[in-house]
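So the structure is just underneath, and the comments pick up after that.
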Amino acid sequence: MTTTPIENTPSSPERVSEPVSSELAAGRATTLLQRCLMPRQGDPLKVRSLYLDETSGRATCPDRSTATVQAGRELSFATYFNAFPASYWRRWTALENVILRVEVDGRCRIDVYRSKANGDVMHVTGAATDGTTGPLEFELELAPFSDGGWYWFDVTADDSVSLSNAGWYAASAPLREARLSVGICTFNRPVDCVAALEALSSDPVVMEKVSHVIVADQGNKKVVDASRFPGVAEALGDRLRVLEQGNLGGSGGFARTMHEMLTATDATHHVFLDDDILIEPDSVARAVTFAQYTTHPTLVGGQMLALQDRSVLHSMGEVVERERFFWRNAPNTSYGHDFSKTTLREATSLHRRIDVDYNGWWMCLIPRAVAEEIGLPLPVFIKWDDAEYGLRAAQAGYPTVTLPGVAIWHLSWSDKDDTADWQAYFHWRNRLIVAALQSPYRHGGSLLRDLFKWDLKYLIMLQYSATALHQRAYEDFLAGPERLYELLPTALPEVRKQQSGFDDGRVLKSTSDLPLPTMSPVKAERMLKPPTNPVTISRTLAGALAHNLFPAKGHEEKPQLNVAAQDARWFLLARLDSATVGTADGRGVTYRRRDPKVFWGLLKRSIALEWQIYRRFPALRRAYRDALPELTSPQAWEKVFSA
């Protein structure tokens with residue numbers, strides 16, 4: 001192809017700094033790092049914004065590798081799935097340059113841009129085509145991306161132009177080989193699980209890298225019984241293994257797939273996938289390719305896009321706050337960014353590199369070398385297993401990278417309340433266990449103070465079942481690491497049974513199952529005004545405690561108020577004797593009734609248990625740390641699987 005290099009000046013009023021050195025690099029692209037993907041046929045405009053910036057006109061995409069741009073229009077690949085996250089490759093891999101390769105048919109101009117960590121945009125280089133068919137390659141250096149930044153390219157069409165097979169390449173071979181096994185943990189989601197398998201098996205680029213697909217099926221609705229399973233089984237052939245076992249939670253399911261990978265395959269990398277996801281298959285290929293180029297064995301995680309609103313980036317990366325030992329968004333992340341409203345080029349908050357402690361196991365790649373050295377997941381059923389594994393890996397010298405452009409769609413946390421339903425037991429127990437293993441503080445820092453605040457909050461909000469489950473968690477933590485495997489198959493039914501013994505632990509279909517509320521909506525509206533300073537907060541809290549010195553005033557059978565989930569705040573519920581409260585997913589309500597006797601009994605019990613944890617925490621740290629190698633060993637897990 002004949003090309004005419006363009007001066008390093010912007011073709012549109014972008015913010016400009018000194019250009020990055022680059023050159024046309026015909027024929028140097030050898031190893032594909034990241035494909036440029038076109039939207040699927042029928043994708044809504046919101047979803048298309050993850051692939052193409054079509055502000056000057058919509059492109060025609062006959063397949064996932066080809067786009068046609070009409071004459072006089074411009075198409076930008078400054079998008080989530082198609083821009084190149086250069087700063088991550090600069091920080092974690094051995095690459096010094098990346099090559100952009102595009103096949104072009106028609107007269108157009110290709111302009112390459114980059115961003116800085118603060119979001120400033122710079123034109124890098126470009127070339128004009130003469131209308132003949134052939135590949136165009138640019139070699140671009142990674143040196144300027146130490147703190148953040150992306151590469152992308154724009155196409156300005158003189159004629160109707162067809163672009164195909166665009167991608168980001170390396171001129172050098174990977175540092176290490178890759179044979180990938182995929183591990184999916186599933187529980188009573190056979191249709192979703194088969195859909196994920198279909199997505200993987202339908203992509204030949206991905207399947208070139210996959211040697212084994214291992215499904216740990218823990219439900220009574222079997223994956224093999226799904227109507228579309230025979231087709232996916234035929235497509236995957238000998239690569240597919242479905243292992244059925246009792247429900248051991250996410251940690252038990254993922255541990256089973258990792259155990260199978262270690263003992264029955266020669267895979268070099270293993271990727272965990274949730275069953276209830278929608279996956280962009282190239283994310284798997286990108287993750288394992290990135291892992292092949294990292295300077296040290298590295299865990300590579302995917303970001304989370306919101307399944308309910310598919311153009312929204314829900315989670316960019318996560319850390320564990322050591323002082324109170326609770327997970328949170330990593331510093332400098334942008335929570336809930338909607339690409340259909342603000343493009344990558346415009347979103348200055350999305351260009352800084354994000355460093356994390358761990359990655360959620362909705363998608364996380366783990367090198368075999370890491371699993372062989374540090375072992376399998378903790379036997380904790382659900383919650384905190386992924387965070388603990390990331391922290392354990394880092395302690396052994398293996399970092400975790402949450403890589404932009406590698407992502408799945410998953411139900412966002414806004415539709416869950418896993419700190420208050422039956423999961424509260426696992427959340428609180430496992431938080432304590434992981435703190436004992438990883439907290440740098442002799443008595444856990446401010447962890448116990450934070451636990452007490454949560455217990456008091458739930459009691460004031462009339463969620464007695466949540467506090468009772470927390471107390472069960474405290475007791476099982478105090479029992480030490482010896483009981484973890486014993487509790488693995490039994491804790492869930494026992495927790496559900498205990499929760500159902502409380503009014504607020506039983507979900508009703510709707511408020512129509514109860515009498516109409518007795519309180520005026522106008523009065524309730526006035527009560528929704530939150531206290532905003534230490535004086536009013538203290539006064540409201542004192543009033544809530546005083547309220548529980550007196551019996552309820554005859555509101556046991558009729559709720560005072562129907563409270564929407566988003567309005568269920570402590571300062572409102574603290575003033576009520578009874579209320580229905582909507583669940584986070586909107587599928588039902590719980591009926592909460594104030595009971596001073598239960599309130600004070602649970603509060604005293606929480607204080608006693610938390611004081612006991614504080615006193616014994618140094619000894620418990622030693623006990624859990626000493627037991628960790630055995631708890632996470634393949635031999636210990638194998639006994640569970642064989643049973």
Side-chain angles (χ1 to χ4, degrees), residues 324-326 417-432 435 443-479 494-495 497-506 527 530-531 534-553 555-556 559-561 563 568-579 581 590-617 620:
R324 66 188 186 107
F325 220 85
F326 205 73
D417 188 8
D418 55 14
T419 61
D421 62 10
W422 60 268
Q423 298 174 84
Y425 163 80
F426 297 101
H427 207 320
W428 254 233
R429 185 199 66 174
N430 299 346
R431 181 183 175 189
L432 283 162
H443 290 278
S446 63
L447 170 61
L448 274 301
R449 184 164 64 248
D450 192 64
L451 294 179
F452 174 73
K453 287 168 60 177
W454 279 92
D455 283 352
L456 181 59
K457 175 183 175 181
Y458 284 129
L459 289 173
I460 288 172
M461 294 175 66
L462 315 182
Q463 289 179 282
Y464 302 138
S465 65
T467 302
L469 294 184
H470 292 172
Q471 292 171 6
R472 186 187 192 98
Y474 302 153
E475 292 167 348
D476 286 344
F477 170 69
L478 287 165
E494 292 174 359
V495 163
K497 181 179 179 181
Q498 182 176 1
Q499 183 193 29
S500 67
F502 292 84
D503 289 337
D504 64 277
R506 297 188 292 269
M527 296 170 69
V535 174
T536 56
I537 291 172
S538 299
R539 186 183 302 148
T540 305
L541 179 58
L545 295 173
H547 192 204
N548 279 284
L549 295 173
F550 303 97
K553 299 176 181 178
H555 297 291
E556 292 83 359
Q560 287 179 281
L561 200 61
V563 180
R569 309 288 296 278
W570 71 272
F571 51 83
L572 169 64
L573 292 164
R575 305 176 189 182
L576 301 177
D577 286 339
S578 63
V581 179
T590 58
Y591 189 20
R592 305 183 190 179
R593 290 185 270 203
R594 187 171 68 87
D595 187 328
K597 183 178 180 180
V598 173
F599 176 94
W600 291 109
L602 289 172
L603 183 59
K604 291 176 183 177
R605 180 65 175 156
S606 283
I607 293 171
L609 287 169
E610 286 157 1
W611 173 243
Q612 191 178 162
I613 292 172
Y614 179 83
R615 287 190 300 103
R616 293 182 54 194
F617 199 79
L620 288 164

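Hydrogens, waters and symmetry mates are skipped; everything else that's a heavy atom, side chains included, is used.
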- Sequence neighbours left out, what passes side chain to side chain contact (heavy atoms under 4.5 Å, CB included) with A435? Give chain and number order. F325, S439, L447, F617
- Message: With heavy-atom distances below 4.5 Å as the criterion, would you say the side chains of L561 and L572 are in contact?
- Response: yes
- Distance in Å, D455 CG paired with L469 CG, rounded so as to fall on 0.5 Å steps: 10.5 Å
- Message: Angle between ring planes, H427 versus F326, binned at 30° and 60°: parallel, tilted or perpendicular?
- Response: parallel
- Message: Whether the side chain of N430 engages the backbone of F426 through a donor-acceptor N/O pair (distance < 3.5 Å, no angle test) should be reported.
- Response: yes
- Message: Between R593 and D503, does any NZ, NE, NH1 or NH2 come within less than 4.0 Å of an OD or OE carboxylate oxygen?
- Response: yes
- Could you grab the distance from atom CH2 of W570 to atom CD of Q463, nearest 0.5 Å is fine? 14.5 Å
- For the atom pair CD (Q499) and CG (D421), what is the distance rounded to the nearest 0.5 Å? 6.5 Å
- Query: Can you tell me if D504 and S465 form a side-chain donor-acceptor pair at under 3.5 Å?
  - Reply: yes
- Note on the structure: Here the gap from M461 atom CE to F571 atom CZ, rounded to the nearest 0.5 Å, amounts to 9.5 Å
- Task: May I ask you to test the V495-R429 pair for a side-chain heavy-atom distance under 4.5 Å?
- Result: no
- Looking at residues at least two apart in the chain, or sitting in another chain, which of them share a side chain to side chain contact (heavy atoms under 4.5 Å, CB included) with L609? Q471, Y474, E475, L478, R605, Q612
- Note on the structure: All heavy atoms of S500 vs all of K497, minimum pair found to be OG-O, 2.7 Å
- Side chain proximity check, L576 to M527, heavy atoms < 4.5 angstrom: yes
- Query: Below 4.5 Å, heavy atoms only, C-beta onward: do V581 and L462 meet side chain to side chain?
  - Reply: no
Please tabulate, for side-chain N and O atoms in residues 537-550, each donor-acceptor pair with protein atoms closer than 3.5 Å (sequence neighbours left out).
unit_1 : atom_1 : unit_2 : atom_2 : d
S538   : OG     : P534   : O      : 2.8
T540   : OG1    : T536   : O      : 2.7
H547   : ND1    : A574   : O      : 2.9
H547   : NE2    : D577   : OD1    : 3.2
N548   : ND2    : A544   : O      : 3.0

- Should the heavy atoms of other residues, nucleotides or ligands under 6.0 Å from CZ of R615 be counted, would the total exceed 12? yes
- d(Y458 OH, L602 CG) to nearest 0.5 Å is 14.5 Å
- Spacing of R592 atom CZ and S578 atom OG [to the nearest 0.5 Å]: 12.0 Å
- Backbone N or O of P551 within a donor-acceptor pair of the R594 side chain at under 3.5 Å? yes
- Message: Please find the pair of heavy atoms, one from L448 and one from E610, that lie closest to each other, and give the distance.
- Response: CD1-O, 3.6 Å
- Message: Among F452, W454, W428, F477, exactly one meets ring pair (Phe, Tyr, Trp, His ring centres under 6.0 Å) together with H470. Which residue is that?
- Response: W428
